[in-house]
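What follows is a single structure, written as structure tokens, with notes after it.
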2 protein chains.
Amino acid sequence: MRQLTVQLEERSYPILIGSGLLAEAPQFFEQYGLTKKSPLLIITDENVAPKYLAGLEQTLRAADYTVVSAVVPSGETSKSLSVYQDMMTVAIEGKLDRSSAIIALGGGVVGDLAGFVAATYMRGIKFVQVPTTILAHDSSVGGKVAVNHPLAKNMIGAFHQPELVLYDVDTLQSLPPRDVSAGLSEMLKHGLIRDEAFAHWCEEHAEELLGLDPEALGYGLERGCGIKAEIVSRDERENGERALLNLGHTIGHAIEAIAGYGEFLHGEAISIGMAGSALLGEKLGAPAGLYDDTVRMLRSLRLPVTMPKHLDTDALMDAMMHDKKFREGHMVFIIPDRIGAARIVKDVPVSAVRDVIELLKEGAE
Amino acid sequence: MRQLTVQLEERSYPILIGSGLLAEAPQFFEQYGLTKKSPLLIITDENVAPKYLAGLEQTLRAADYTVVSAVVPSGETSKSLSVYQDMMTVAIEGKLDRSSAIIALGGGVVGDLAGFVAATYMRGIKFVQVPTTILAHDSSVGGKVAVNHPLAKNMIGAFHQPELVLYDVDTLQSLPPRDVSAGLSEMLKHGLIRDEAFAHWCEEHAEELLGLDPEALGYGLERGCGIKAEIVSRDERENGERALLNLGHTIGHAIEAIAGYGEFLHGEAISIGMAGSALLGEKLGAPAGLYDDTVRMLRSLRLPVTMPKHLDTDALMDAMMHDKKFREGHMVFIIPDRIGAARIVKDVPVSAVRDVIELLKEGAE
Ligand SMILES: NC(=O)c1ccc[n+]([C@@H]2O[C@H](COP(=O)([O-])OP(=O)(O)OC[C@H]3O[C@@H](n4cnc5c(N)ncnc54)[C@H](O)[C@@H]3O)[C@@H](O)[C@H]2O)c1
Ligand SMILES: NC(=O)c1ccc[n+]([C@@H]2O[C@H](COP(=O)([O-])OP(=O)(O)OC[C@H]3O[C@@H](n4cnc5c(N)ncnc54)[C@H](O)[C@@H]3O)[C@@H](O)[C@H]2O)c1
Ligand SMILES: [Zn+2]
Ligand SMILES: [Zn+2]
């Protein structure tokens, strides 16, 4: 088992990564403070439920936990206020109290939704992330939880750190190939921001990662979580440095919103966004070759790097204006200087962004 | 002007109480860190808007603030997820960003709703309480913000402290008599919990308070806010002592839920609840006379002390089980020992509570 800690003083918590961890859930839950006197609520989705829900319920009940479960539709559309309200109803009817905890069993959608339920049920109760996607190595760490507003993604949310991240890598074996690639997009992102060697490692081990080789996966997740944890520890509330983790996300979120949530996977959308950021980087003075290197790395993980032509540029620009990285009238972007180093640029000209959107459409079907 | 501070380290904030403060809002907003570069959103209700909204908007715009406003229906029904979502839409369309602030101009309903919007818009932005009811001397202090779930009150919420409480007592002159009494219910509550002399002062000055005498009102609000601020400073997240502020609220919330939100004013419902707590206190060994004294004080403020017979006891008991003061299987109640002293009792027998509900119905129409 690999173990990391997210250092946040009294809110510090461990990330446990390994094989067979689901079967040991009760002992970890107990060790990290989940009482057996109050019911637990497991929130999961309809793809994950048939594979892992009954097993986890049984394991927990056998250890004397009281368990209630809720299964939401799979995909981004479950990150809505209406599903959120349904979860509140389940929590109340399941008699969860202030000592209860919510267990997010699934990918980033379930993690973000369940985390926001936990952040706001009775003004905040405990929760545990049990990630079942590669992408969730990113979403399960750092305490950002949210649902979407029809006008903009992740607009409604909170900072709420889990008690524990319990990452059973065996669950990843059932992931569809598209979701494998989408998850590797955030893994590579961590390298692109902060660790050149790791970015190259991702490219060099692309085939093992895509083939879900346990050894490669274990190392990749550990290093990905590690970079994220390090940044979050220094800037929990995103007053500065943490914004680097949004590399590719301003364009990516706009693509998700305009194409319609669910059309692109989050990891695919930010892959296109990272290609766009590299183009912006070159426009703002980064050495030529940055875009080519970035695109080659993304392609090695079978990720898209161009934007469908039918996405309306004005609509995309508009969606970016709604994005939360638009602060006090300036357009903020995360721009790479080279592979492994990015910085926050506070006043990127809107015209440069528009040019990049057009360039991203070239070569697309 | 009277000034208090809620001591919460880096989240400390002032409560300013006085006449004519609305006209000086811009200088206070600036002093306490609200930037003019990002739009403000004023949330208010349809009773308060015609009286005070245009004036506040003009004052703020004259001082170069950008202002967006939203007017919600008056009353408890606006503390719902559907109105909450509407407010999010207004905030996004009004281009509020992470440096924006939300201004709650109104009573406890507007304060709780606007505060929860501020707590969760873009994962949390600043907000200012501008209370316009007497009751809001309680709700505007301490950072508890929430909306209701159809199954239980205040079930969905957060802790989110304001930057500032700006209490212009002139606005209270337009309050309907029923809301005056309801607000004085929470004022007396602060005395009943912690300050015998203040409880007697409320009774002795009942006529001045009911008549909205500025001097009496100023002192009563200052002392009420002061007791609340003191308790909140020591226990922001309600891990202990802060629960004392729930005197009368377990029964009160059940009455509000079962009678239908809006049927009883919050202050009226907790008045009945405080009479019930005094009865429970006597049952659990407090000196006889506690109930009579409590009821006399409540009546002096023209508050109800009995429960309508048509409210179903089983339904009330059930609602109490959903209440958040029901923790780890025990029924928790705040019980007065005498006027001016209350304590948290963790395992009140359910049968005693049921008896009290029946007693509260005697003498009612
Ligand atoms: N909170 C954060 O810091 C953060 C960071 C990055 C991404 N996110 C969010 O994460 C979400 C995307 O996460 P995701 O890609 O994990 O999406 P997801 O949760 O929708 O999972 C992807 C798909 O895989 C399925 N699935 C999950 N686990 C499976 C398994 N073990 N076997 C088979 N199928 C499985 C799901 O049902 C879904 O169809 C987005 O909403 C994004 O905004 C949040
Ligand atoms: N957050 C907390 O700590 C806390 C504490 C106590 C109560 N509360 C909440 O506060 C709410 C009750 O507050 P409230 O009694 O102020 O209710 P409210 O906001 O509904 O106001 C009462 C009525 O007075 C009207 N009104 C407000 N100001 C007025 C004015 N100046 N002139 C004329 N009319 C005016 C309103 O439109 C409303 O009809 C409840 O939802 C309760 O749960 C919260
Ligand atoms: Zn992401
Ligand atoms: Zn109250």
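A, B, ... follow the sequence lines: proteins, then strands. Residue 1 opens every chain.
The candidate from A:L96, A:I156, A:V117 with the greatest count of non-hydrogen atom pairs under 4.5 Å with chain B is A:I156.
Under the rule for a side-chain contact (heavy atoms from CB on, under 4.5 Å), the partners of A:S80 that lie at least two apart in sequence or sit in another chain are A:S82, A:V83.
For A:P39, no part lies under 4.5 angstrom from a heavy atom of chain B. Of the atoms belonging to A:S100, not a single heavy atom falls under 4.5 Å from chain B. At a 4.5 Å heavy-atom cutoff, A:A91 makes no contact with chain B through either its backbone or its side chain. Within the 4.5 angstrom heavy-atom criterion, only backbone atoms of A:V145 (N, CA, C, O) approach chain B.
For B:D314 and B:R354, the salt-bridge test passes: some basic side-chain N is under 4.0 Å from an acidic carboxylate O.
The ring of B:H160 has its center closer than 6.0 angstrom to the ring center of B:F127. For A:Y13 and A:Y32, the ring centers are positioned 6.0 Å apart or more.
B:N154 places no side-chain N or O within donor-acceptor distance of the main-chain N or O of B:A146, the cut-off being under 3.5 Å.
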